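Scope of the values below: all heavy atoms of this structure, side chains included, with no hydrogens, waters or symmetry mates. These figures come from a predicted structure and were not determined experimentally. Below, chain A is the first sequence line, B the second, and so on; all start at residue 1.
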2 protein chains.
Amino acid sequence: MPHTPIAARFASAEAAFADQLRAKGLKNTPERLEVLRTIFSRHAHFAIEDIVAEMRRRGRPASRATIYRTLSLLAEGGMIREAVRGNGYTHYEHVREHHDHLLCVHCGAVVEFVSAEIERIQDEICRRHVFTPLSHSHQINGLCARCEGRRARKASRP
Amino acid sequence: MPHTPIAARFASAEAAFADQLRAKGLKNTPERLEVLRTIFSRHAHFAIEDIVAEMRRRGRPASRATIYRTLSLLAEGGMIREAVRGNGYTHYEHVREHHDHLLCVHCGAVVEFVSAEIERIQDEICRRHVFTPLSHSHQINGLCARCEGRRARKASRP
DNA sequence: CCTGAAACTGAGACGCAATCTCAACCATGC
DNA sequence: GCATGGTTGAGATTGCGTCTCAGTTTCAGG
């Protein structure tokens, strides 16, 4: 196993997960480890089906129940989070530095954005409402430059 | 702040809805009108079940299918919008001035908030990405004061 | 007013993501 | 050994939301 940045993050995630499990008196099982590895080895955004498929491909299949359970644990531990809801099922993503999403409703493109200022204001709002934030989703739906251009070119209704 | 002219908005919503239906060659039925009235007569936020229950109480029951269909039409016409997703089912709300939501993941309570500053930053972000915003959802999930207190009390005796 | 084509409704079947159940299965400590 | 207590997976279950289709209603044009 080479010492790349990816491998490093990978290892620390494994360690963090192990700690979390130990702290709760839960067991560090091959299945759980494999879910973690599958997620962190490649996917930035992913749906459950991606994980199911990839684990099967790797010859380490796990049941949906186990994957859902592990995903909950990982989300609890702050290593992944629900990213985008809509269109039927939920997408997750690694937790990296925080960011939000622009979603093109026409072509489905996703652009990430970050705004420290928005984060700050959110905290302020939560304080004002005596509310303990756990997560948030901030998603702007609209048209990316290309799709907007394409639509403008077409004649629009009167 | 002036008192909201509920009756006026009500009438204009009916007219707007009628126009929308006519424009699409759809029919203005008692069921549709009743769904509109039920929504606008009281509910700021509501789930489908609220509408089902209230229409039954009023002696004008409608099937879930009809209600879902009408809700889609109203959303299309911009009179209501999906407000909060999570905890299983979707909440809708009237379209009024814009605002966003705090959702208590424990008891399901919803608090609204507005931030002109956040709106401004969003516009700025869209400009920077040459993105045409159509709608957005901004939702902070966490624990309201009451649920946080309850949890803290419980945690003190594991 | 009629009348018929087209749209609408309701009951229930269905689809589907997510959750739950439970018996068999470890891993660990005594 | 074997008892304890968490884990797994297959499949059942839940529950929101959508779809189907036969019977009903609307409304423009006669």
Side-chain angles (χ1 to χ4, degrees), chain A residues 17-38 45-53 55-56 58-77 80-92 137, chain B residues 14 17-38 45-53 55-56 58-77 80-92 103 105-106 108 141 158:
Chain A
F17 191 35
D19 283 351
Q20 182 195 345
L21 292 173
R22 208 174 311 119
K24 294 194 178 177
L26 302 179
K27 298 186 173 162
N28 197 348
T29 67
E31 288 85 356
R32 283 175 177 165
L33 189 56
E34 198 58 29
V35 171
L36 178 68
R37 284 186 172 154
T38 303
H45 291 92
F46 57 92
I48 275 79
E49 281 315 303
D50 299 332
I51 304 304
V52 171
M55 290 184 73
R56 187 169 302 147
R58 287 177 174 222
R60 306 291 302 265
S63 73
R64 259 155 259 264
T66 297
I67 293 174
Y68 275 111
R69 283 184 292 231
T70 306
L71 252 35
S72 294
L73 287 170
L74 289 170
E76 231 173 273
I80 63 174
R81 63 168 190 142
E82 274 187 15
V84 183
R85 262 169 197 256
N87 283 1
Y89 47 119
T90 303
H91 283 245
Y92 292 81
S137 72
Chain B
E14 280 188 27
F17 192 34
D19 283 351
Q20 183 195 344
L21 291 174
R22 208 174 312 117
K24 293 194 178 174
L26 303 178
K27 301 192 168 160
N28 197 350
T29 67
E31 287 84 356
R32 283 176 177 166
L33 189 57
E34 198 58 29
V35 171
L36 179 68
R37 284 185 170 155
T38 302
H45 290 92
F46 56 92
I48 275 78
E49 283 314 303
D50 298 332
I51 304 304
V52 171
M55 290 184 75
R56 187 169 302 147
R58 289 176 172 222
R60 306 292 303 265
S63 73
R64 259 154 259 264
T66 297
I67 294 174
Y68 275 110
R69 283 184 292 229
T70 306
L71 253 33
S72 295
L73 286 170
L74 289 169
E76 231 173 271
I80 63 174
R81 62 166 191 144
E82 272 188 17
V84 182
R85 263 168 197 255
N87 279 3
Y89 50 114
T90 302
H91 283 245
Y92 292 81
L103 169 65
V105 297
H106 190 252
N141 307 299

Spacing of CG belonging to A/Leu36 relative to CG belonging to A/Leu74, to within rounding of 0.5 Å: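 Answer for the CG-CG pair, A/Leu36 versus A/Leu74, is 5.5 Å.
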Rounded distance (nearest 0.5 Å) linking atom CZ of A/Arg58 with atom CD of A/Glu34: 5.5 Å
Round to a whole Å and report the spacing from [atom1] of [X] to [atom2] of [N].
X: B/Leu26; N: C/dC8; atom1: CG; atom2: C1'; value: 10 Å
X: B/Leu33; N: C/dT9; atom1: CG; atom2: C1'; value: 15 Å
X: B/Asn28; N: D/dT26; atom1: CG; atom2: P; value: 10 Å
X: B/His91; N: D/dG17; atom1: NE2; atom2: C1'; value: 15 Å
X: A/Ile48; N: C/dC16; atom1: CD1; atom2: C1'; value: 13 Å
X: B/Leu71; N: D/dT18; atom1: CG; atom2: C1'; value: 14 Å
X: B/Glu34; N: C/dC8; atom1: CD; atom2: P; value: 18 Å
X: A/Ile51; N: C/dA17; atom1: CD1; atom2: C1'; value: 16 Å

Strand-adjacent residues in residues 58-66 of chain A, judged by heavy atoms under 4.0 Å from DNA chain C: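 Within residues 58-66 of chain A, the residues near DNA chain C are A/Ala65.
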Residues, nucleotides or ligands: over 12 heavy atoms within 6.0 Å of B/Arg64 CZ: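 Open: at most 12 neighbouring heavy atoms sit under 6.0 Å from CZ of B/Arg64.
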A/Arg56, CZ: over 12 other non-hydrogen atoms inside 6.0 angstrom: no
Most 5' of B/Thr29 and B/Glu49 on DNA chain D, judged by nearest nucleotide: B/Glu49
Residue whose closest nucleotide on DNA chain D lies nearer the 5' end, B/Tyr68 versus B/Arg22: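 Residue closer to the 5' terminus by nearest nucleotide: B/Tyr68.
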Presence of donor-acceptor pair under 3.5 Å, side chain of B/Arg69 and base of D/dG17: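 Such a pair does not exist between side chain and base.
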Within-4.5 Å side-chain heavy-atom neighbours: B/Pro30 and B/Arg60: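 Touching, per the 4.5 Å side-chain cut-off.
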Check: B/Thr70 and B/Phe17 side chains under 4.5 Å, non-hydrogen atoms: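 B/Phe17 reaches B/Thr70 side chain to side chain.
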side-chain N/O A/Thr90 vs C/dA17 OP1/OP2, d < 4.0 Å: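 It does not, given that no N or O in the side chain of A/Thr90 lies less than 4.0 Å from OP1 or OP2 of C/dA17.
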Listed pairs, N/O of protein and of nucleotides 26-28 of chain C, under 3.5 Å:
none

Stepwise side chain to side chain contact (heavy atoms under 4.5 Å, CB included) check, B/Val35 with B/Met55: CA-CA 8 Å; B/Val35 171; B/Met55 290 184 75; 3.8 Å; yes
NZ/NE/NH1/NH2 to OD/OE distance under 4.0 Å, B/Glu14 and B/Arg32: no
Short side-chain to backbone donor-acceptor contact, B/Gln20 and B/Leu73, under 3.5 Å: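 Flag set: sc B/Gln20 to bb B/Leu73 pair under 3.5 Å.
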